[in-house]
Amino acid sequence: QVQLVESGGGLVQAGGSLRLSCAASVRIFSVNVMGWYRQAPGKQRELVAVITGGGTTNYADSVKGRFTISRDNAKNLVYLQMNSLKPEDTAVYYCNVKIFLSSTLVGDYWGQGTQVTVSS
């Protein structure tokens, strides 16, 4: 069982920055994909950014150029640096790790979420 704990959310004005962190309870291996998702009130959870063990990243179009995902495998951490925040970025942000074995998904774990609120 993998436990994920997010931190770094809060209230910020539009144009500001926040950095989210996610700590995993177990060692994160390179075969895992780590990511951030978000869910705004009344909307479905959506992908924000993911990063593979090799460092390949993918971002939602709405955050490209503003958000940066990174990971520290030695410390079992994944980060989301969020710059130029907009009110529409307001949501609960969730950390996720997907564990693969021979290209088969064998584990899919979520954190409890951290609230990000961007005021206009």
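The basis for the numbers below is simple: all heavy atoms, side chains too, and nothing from hydrogens, waters or symmetry mates.
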Discussion item. So, using ring-ring contact (aromatic ring centres under 6.0 Å, His included) as the criterion, who are the partners of Tyr109 when residues are at least two apart?
Written reply: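 Once residues adjacent in sequence are excluded, Tyr109 has no partner under the ring-ring contact (aromatic ring centres under 6.0 Å, His included) criterion.
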Item to complete: Go through Ser70 and Gln81 one step at a time and tell me if the side-chain contact (heavy atoms from CB on, under 4.5 Å) criterion holds.
Response: CA-CA 8 Å; Ser70 60; Gln81 178 66 43; over 6 Å; no
Considering all heavy atoms, the nearest [X]-[Y] contact:
X: Ala14; Y: Pro87; answer: CB-CD, 4.1 Å
X: Tyr59; Y: Ala49; answer: CD2-CB, 3.5 Å
X: Val63; Y: Val48; answer: CG2-O, 3.6 Å
X: Ile69; Y: Met34; answer: CD1-O, 3.9 Å
X: Arg66; Y: Leu85; answer: NH1-CA, 3.9 Å

Measure the [atom1]-[atom2] distance between [X] and [Y] for me, rounded to the nearest 0.5 Å.
X: Leu47; Y: Asn58; atom1: CG; atom2: CG; result: 6.5 Å
X: Ser62; Y: Glu46; atom1: OG; atom2: CD; result: 5.5 Å
X: Cys95; Y: Glu6; atom1: SG; atom2: CD; result: 5.5 Å

Worksheet item: Would one find more than 12 heavy atoms of other residues, nucleotides or ligands at under 6.0 Å from atom CD of Gln112?
Response: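 Yes, CD of Gln112 has more than 12 neighbouring heavy atoms, counting only those of other groups under 6.0 Å.
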Discussion item. Can you see whether Gln39 engages Gln44 through a side-chain donor-acceptor pair at a distance of less than 3.5 angstrom?
Written reply: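 There is no such pair between these side chains.
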Fill in: Distance-only donor-acceptor check, side chains Arg38 and Tyr93, under 3.5 Å
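Yes - a donor-acceptor pair under 3.5 Å links their side chains.
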Discussion item. If the threshold is 4.0 Å, N to carboxylate O, is there a salt bridge linking Lys64 and Asp61?
Written reply: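 Answer for the salt bridge query: yes.
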Worksheet item: Side chains of Val97 and Val33: does their closest heavy-atom pair fall under 4.5 Å?
Response: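 Sidechains of Val33 and Val97: no contact.
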Discussion item. What verdict does the side-chain contact (heavy atoms from CB on, under 4.5 Å) test give for Asp108 and Asn96, after you've listed the backbone C-alpha separation in whole Å, the side-chain angles of each residue and the deciding distance to 0.1 Å?
Written reply: CA-CA 7 Å; Asp108 192 2; Asn96 172 261; 2.7 Å; yes
Worksheet item: Considering residues at least two apart in sequence or located in another chain, which fulfil the salt bridge (Lys or Arg N to Asp or Glu O under 4.0 Å) criterion with Glu88?
Response: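 Salt bridge (Lys or Arg N to Asp or Glu O under 4.0 Å) list for Glu88, sorted by chain: empty.
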Looking at [X] and [Y], would you say the former's side chain and the latter's main chain have a donor-acceptor pair under 3.5 Å?
X: Tyr37; Y: Val92; result: no
X: Arg71; Y: Tyr79; result: no
X: Thr90; Y: Thr117; result: no
X: Thr57; Y: Ile51; result: no

Discussion item. Suppose we call two aromatic rings close when their centres sit under 6.0 Å apart. Are Phe67 and Trp36 close by that rule?
Written reply: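 No: the rings miss the under 6.0 Å criterion.
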Discussion item. Among Asp89, Val12, Val118, Leu20, exactly one meets side chain to side chain contact (heavy atoms under 4.5 Å, CB included) together with Met82. Which residue is that?
Written reply: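 Output: one option passes, namely Leu20.
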